[in-house]
Protein chains: 2
Amino acid sequence: MTPRPTVRIVLADDERMVRSALRAILSAEPDLEVVGEAATGAEAVSVVRERRPDVVLMDVRMPEIDGIRATEQILATLSDPPRIVVVTTFENDSYVYDALRAGAAGFLLKRAEADALVQAVRLVSHTDTLLFPAAVRSLAAEHARAYPAPPPWVARLTCRESEVLRLMAQGLTNAEIARRMEVGPATVKSHVAAVLAKTGTRDRTQAVIAAYEAGFMNAR
Amino acid sequence: MTPRPTVRIVLADDERMVRSALRAILSAEPDLEVVGEAATGAEAVSVVRERRPDVVLMDVRMPEIDGIRATEQILATLSDPPRIVVVTTFENDSYVYDALRAGAAGFLLKRAEADALVQAVRLVSHTDTLLFPAAVRSLAAEHARAYPAPPPWVARLTCRESEVLRLMAQGLTNAEIARRMEVGPATVKSHVAAVLAKTGTRDRTQAVIAAYEAGFMNAR
DNA sequence: ATCCGTCTCCCCCTGACGGCGGAGGGGCCC
DNA sequence: GGGCCCCTCCGCCGTCAGGGGGAGACGGAT
């Protein structure tokens, strides 16, 4: 493998034990260097600001400012910010989503093996091309729920019927839909009736529900 | 670092060029060994079945069966299946979501540097603790959209009003809600009126829309 | 030339919905 | 004791929504 430049690391965790354990693991590698430690979120922000590391291992639960907030602040205030890896104990923490949204580059479990930790730090230090599942799997499942396979009836709706359903699902009355579509109210009634028939619903409310459940409203 | 066991790898990509490029990069590492290649999804499944690799680098677009399907089949049919890393060109491919859902252990961009590729393969070969964003960031954003901060009116709904709204959003009529809640129809009407007032909507359809938009229906 | 699907519009009728105003009982807080 | 909120119900009444019927026009397919 090509010779690697030294990766500068800051550890942020409120437990001294955890910090020294991480430091011990990382310092054993010649190409990794722990250049700073922080015990609180606020401290993490200032330490990172002055040490300018390549990677930050950031605990989620910390006094004063939690790891998520600290991540946000670091990414918001520093140009050329470090890669921040959020460290936590349980992968099902809802923190995962917040961490990702906050801009964390990675997500690490405390029970990770030393070997994995080292490789993860190296990898995250200079790339952003890989992602690992477990917690992400649930996100994907959510995505599937938000954009489900369109039910058969979606395809059978005619152009106008789709328009009508979309407007129904915006809470418009038939009269309003008629004005919006520049047709007569009777026409709208016809289309609504067709929509109800094709969706297998009995009133506009159920039709709107079907539209939402079908992801009909998410597709812009 | 501790001595590593050899990682057995299968490459699945319909372009010979890509396969030999990957093989060249991976073979340069003493602890990585390419034990098989496949040019189609179907071939990938059978090659994996007979070579039993630790890691599969799986292209998304392939003839016959795409990488996602192949991933599903491999994970479904093999006990102790390999870690499958899906390889693609663009990180915003909607494939990402499908790949994750299919059970891919990782996600790799073709433009990844050789060094990152090697490290990623090593990492994925024996761990599942890290995840990387970019594409995942959008998933997190989606999550935020699916579970938005509840609008103020949610908190102001009384217990019964919440129940009524929930049943409204299941498409029930007032009479049905009355039966379900074991109260008189008039009571339901009162609650509905209160819901409409508090949500600032004018009819049940709009109220249901508000409920959906507020994520009111996602919270189980 | 004919059929079928789509879009447009019409009438009539029933029933559900929602606005209005009111009322009684129970619990909680001061 | 007196508010206050919540839950429970009661009419009355106008409106809108949906069901059941059509019907005419246009276009594409056969």
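Residue numbers start from 1 in every chain, and the chains themselves are labelled A, B, ... in the order their sequence lines are given, proteins ahead of strands.
- In this structure, the side chain of Arg204(A) engages the main chain of Leu172(A) through a donor-acceptor pair within 3.5 Å.
- dG18(C) atom P lies 10 Å from atom CG of Asp203(A), rounded to whole Å.
- Using a cut-off of 4.0 Å between Lys/Arg side-chain N and Asp/Glu carboxylate O, Glu163(A) and Arg160(A) are scored as salt-bridged.
- We find that NZ of Lys189(B) is positioned 12 Å from C1' of dG15(C), with the value rounded to whole Å.
- Considering only side-chain N and O atoms, Arg202(B) lies nowhere under 4.0 angstrom from the phosphate OP1 or OP2 of dG18(C).
- Rounded to an integer number of Å, the gap from CZ of Arg204(B) to P of dC17(C) is 5 Å.
- Distance from the side chain of Thr173(A) is smallest to dC16(D) among dG18(C), dC16(D), dG18(D).
- When the P atom of dA16(C) is taken as reference, atom CD of Gln206(A) falls 14 Å away, rounded to whole Å.
- With rounding to whole Å, Leu196(B) atom CG is found 11 Å from dC17(C) atom P.
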Q | Nucleotide-resolved protein contact map, nucleotides 4-9 of chain D, B/S/- at heavy-atom distance under 4.0 Å | A | --SSBB
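- In this structure, the side chain of Glu161(B) does not engage the main chain of Leu157(B) through any donor-acceptor pair within 3.5 Å.
- At whole-Å resolution of the value, CE in Met168(A) and C1' in dC16(D) are 15 Å apart.
- When the options Val164(B), Asp203(B), Leu167(B) are evaluated for a side-chain contact (heavy atoms from CB on, under 4.5 Å) with Val192(B), the one that passes is Val164(B).
- Within the 3.5 Å criterion, the main-chain N or O of Gly171(B) finds a donor-acceptor partner in the side chain of Arg202(A).
- Taking 4.0 angstrom as the limit, Asn174(A) places a side-chain polar atom (N or O) nearer than this to OP1 or OP2 of dA17(D).
- Remark: Arg179(A) engages Ala175(A), Glu176(A) in a side chain to side chain contact (heavy atoms under 4.5 Å, CB included) (not counting sequence neighbours).
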